[in-house]
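For the numbers below, each heavy atom of this structure counts, side chains included, while hydrogens, waters and symmetry mates do not. Residue numbering restarts at 1 for every chain, and letters A, B, ... go by the order of the sequence lines.
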Amino acid sequence: MSEIAKAYDPKLVEPKWYQAWLDADAFGGIPDEKKEAFTIVIPPPNVTGVLTMGHVLNNTIQDILVRRARQEGKKALWLPGTDHAGIATHARIERKLRMEGKNRYDLGRETFLKRAWEWSDEHRNIILNQLQKLGSSCDWNRTVFTMDEKYVRAVLTAFVRLYERGYIYRGKYMSKWCPVSLTALSDEEVIMKPQKGLLYKMRYELVEDPGNYLEISTTRPETLMGDTAVAVHPEDSRYNQLIGKHVWRPFPRAELPIIGDEAVDREFGTGVLKVTPAHDEMDFQIGQRHNLPVIDVFNPDATLNDLAGEDFSGVDRFAARKLAVEKLKALGLFIDAEDYENNVGFSERTDVPIEPRISEQWWMRYPKVEEAKSAVENGLIKFYPSRWEKVYLHWLNNIRDWCISRQLWWGHRIPVWYKKGEDRNNKDNWHISVDGPQDPDNWEQEEDVLDTWASSWLWPFATMGWPNPSKEESEDLNFFYPTSDLVTAPDIIFFWVARMIMAGLEFMGPEKKKLATEEIKERIPFQNVYFTGMIRDLQGRKMSKSLGNSPDPLDLIDKFGADGLRFGIMSVAPKGQDILLSDERVEQGRNFCNKLWNACRFRQISGKLEDNSSLDNILSRFEPDLFDEYDHWIVNQLIKAIHQIETGYDNYDFNLMAQGIYNFFWSDYCDWYLEVSKTKLKNESLRDNCLAIQDFILRQVLLTAHPYIPFITEELWHNLGYGDKHSFIQDHCIENSSQLSNQIYQLGIEKDTHLVEAKNIDELQLFIMRARFLKAEYNVANKRDVTFYYSVGEGYDELVDGNIENIKHLVGASNLIACDEAPEGAPAEVTRIGTIYLDLTSAVDVVAEKERLNKELIRLEKQITGSEARLSDVNFLNKAPEKVIQGAREQLATNKTKREEFQKLINNLG
RNA sequence: GGGCUUGUAGCUCAGUUGGCUAGAGCGCUUGCUUUACACGCAAGAUGUCGGCGGUUCGAGUCCGUCCAGGCCCACCA
């Protein structure tokens, strides 16, 4: 065993242990029927991704849960992988192509896919390697990629089954279109943003009444060439007599019917709506109701086409808007334009306004919606924090069909084949299967691929071999499914969480229209969902590349160690609330590691290590007869802290757990117990018992802290001889608080004494702090040879007598002398267990001291008056519980004693 | 427009079923090489618990209302 270095250096520890874990396959998740299963599937990061602070938070939490599960004796599997990220990857590759002056069509599908694969092969492992630096204990042998051959088969199988079960259809409807990616999007991929624009007012001439006009409001004049009607509210008396008549569309000039539709808002603008069924969702619906023709005047890239007229052909939509206004002005049909703010949908990935567009797409009616709701409503799946349940249910209650086809190449190509040369709209000409038709030459496959989320929604079971599991995979699925916890961000609650639940319910069992509760329980993909907060900077701003406020986690790991980063971020991550992170937090995490390191170093320096290889060995060295207040107290504080941690895990209170470990270890153990130890260690008869207690505390602290800070705890575990060469700290089951207390009490250390001891220690510490205060106040804080006198309060003789040496050490005094009479002129402090006087060889400033004591006296008087008032209030005495009244009486009594004492001190000063 | 959420020290957060003098860390001030640790030790200062009203013997905690942030959902052109 080497001597521990003075300052902890994570660089010497972290890579070493990660490699050792990998070499020993310490994270292997193999079914073990003797144990309880604990499973987490990682939210697969995008292949395009690099590690962000969000990943750090998310994966640290998962790692904590998995490591804790191992300590609790469960068989844990944390299954890692990556997502092919359709649009995001497309965007990356196409950007590169643009720089080469090309686009994907120049390359063709096959060449493009080759490049996509190269790119993904090159990037896929970057983020996984970064997760390893963080300490993530995934079973890397089982890493899955959503484009793996097996996974692809799972995705296609799901499609085929849903088609056969009647959930999937193809049709020409309005969907959201991204003019940059040139693909349809699902509703969830569109982000609404308020945009400053103009509300234009124009007029169309009435066909039946030339010279008279109808005034129309619109934000999108560039679509007027696609108008096929003008609509008013049927009960709007201003206009309803015009229904059935016509107006002139100015260009291309055409007669448009005036129709009545209740969707029109009479209050908005002029109350007259131009109806463009091809370019607006509501207009499309109105068009359907009135059998209006649909004129699509846009190209896929949102430039205008020939149908818009010669002037517009090839013009971009925003230029076309200006052009349309110009033309209206020239025709005298433009009235005015006012500033207007409205919400415009943007493509999540490319950040450009989307276009509502009618196209052939594949759609999915969601399966098992009712069951998905009840799974959460009935608590089969629990959300932390629970308020997300409402958001989830609201979405499911208003669920709309899912547009699952994407006009992209990178992804899972839809397993539908059309008979060559035949009508694609006729289902007789379709072939739908995973493997494709027997005579492929006569068929052509659907060009579209599936939405990325239509692959990741299968993640919890497609990663374990569904739908054609090998023998081993069947065991996996049986053992590890349903998974235990899912840790994710709330912004993908619809994209991913809700859909995974529905997929699990639909696929993880035989086909069934309706599921009973028991079946739901077996099929759900996970039991608990923990939603993380969002990481923000100290100004509360979202961390983003453009703001430059997002620290690179790898830099932080380099500077503070992965443990420091993990501990820092977890200590400020309140449940489900946003996290404001700064470097100082991480620094604090690093400091905690250093403190831990040095406390262990102190143990090593203090005395020879005995056999620490088991808890029993350590406890057998306890000498209960030698236990004093401090020994009792620290053991009790430890058990309390461990209990607090246990409750923390039950409630997913990660920051409270971090703070709990921190406070116990730093404030109780290091600040008080270790300091007291220094006097005990000097005393031969107390020495061994004290070292055994230290060994015990440190052992349990290392175990408890291990999920948060896995590297340093592993290192210290071995340094202090808790483990052998052939095992890791995670191989030792952690004792829970009741096990620990039972074992301790069985040694003959009385349970009941703890409460008394704890109270006594509190009083003792107060006494010591007041003495230190006197030293600081009289500028002798740095002297260790001062003399104190003291008189003991009633009932505390034994406590003070037994702790003289401890008090002397903790205060920094050479003499502590009992006295009956207050020494003349000595500044003093009054506490419950006694009055303490600082002996000053030089004269004290009597006036200043008197003033100080008087201030104290006044404060006391105020409290006494308050207490007396309460205690003489009949209502209070009648209605308050006895405990509270008793408490108030005790406080009053203590304060009165103190007041007397202060009075005496002031009198003594003359 | 609907819903969710937050407001406690300069900053980030605790504060259990209402009950003693509202706590912690960071930061700040002062002093300190004390048998681990300056990534440290000790002492100290700092609060209209967002505002107002109510219930209660008693409110940071419960109720109402208002104010201010943040987020999500929604077809008003």
If you measure only the distance, is there a donor-acceptor pair under 3.5 Å linking the side chains of A:Y200 and A:D336? no
Below 30° counts as parallel, above 60° as perpendicular, anything between as tilted: where do the rings of A:Y340 and A:F268 land? perpendicular
The residue, A:I768 or A:C670, whose nearest nucleotide of RNA chain B is more 5′ is A:C670
Expressed as a whole number of Å, how far does the C1' atom of B:G18 sit from that of B:C63? 13 Å
Do we get A:K678 above A:F602's six-membered ring, with its NZ or CZ under 6.0 Å from the centre and within 45° of the axis? yes
Quote, to the nearest angstrom, the C1' distance that separates B:A38 from B:G31. 14 Å
Can you tell me the base-pairing partner of B:A59? Count Watson-Crick or G-U wobble geometry only, both distances below 3.5 Å, and say none if there is no partner. none
Side-chain donor or acceptor of A:R601 under 3.5 Å from a matching atom on the base of B:C37? no
Is it the case that the base of B:U34 and the side chain of A:K678 share a donor-acceptor contact (distance under 3.5 Å, atom types as modelled)? no
For B:A68, give its Watson-Crick or G-U wobble partner with both distances under 3.5 Å, or none. B:U6
So which nucleotide from B:A43, B:A42, B:U35 ends up closest to the side chain of A:D671? B:A42
Who is the Watson-Crick or G-U wobble partner of B:C28, with both distances under 3.5 Å? B:G44
With both distances under 3.5 angstrom, what nucleotide forms a Watson-Crick or G-U wobble pair with B:A36? none
Which nucleotide wins on minimum distance to the side chain of A:K6, given the candidates B:C37, B:C13, B:A43? B:C37
Please confirm whether the backbone N or O of A:M174 pairs with a side-chain atom of A:R357, one donor and one acceptor, at under 3.5 Å? no
Complementary nucleotide of B:U16, counting Watson-Crick and G-U pairs under 3.5 Å: none
On RNA chain B, nearest-nucleotide positions of A:Y8 versus A:D265: which is more 5'? A:Y8
Please determine, for the side chain of A:R585, which listed nucleotide (B:A77, B:C39, B:U12) has the closest atom? B:U12
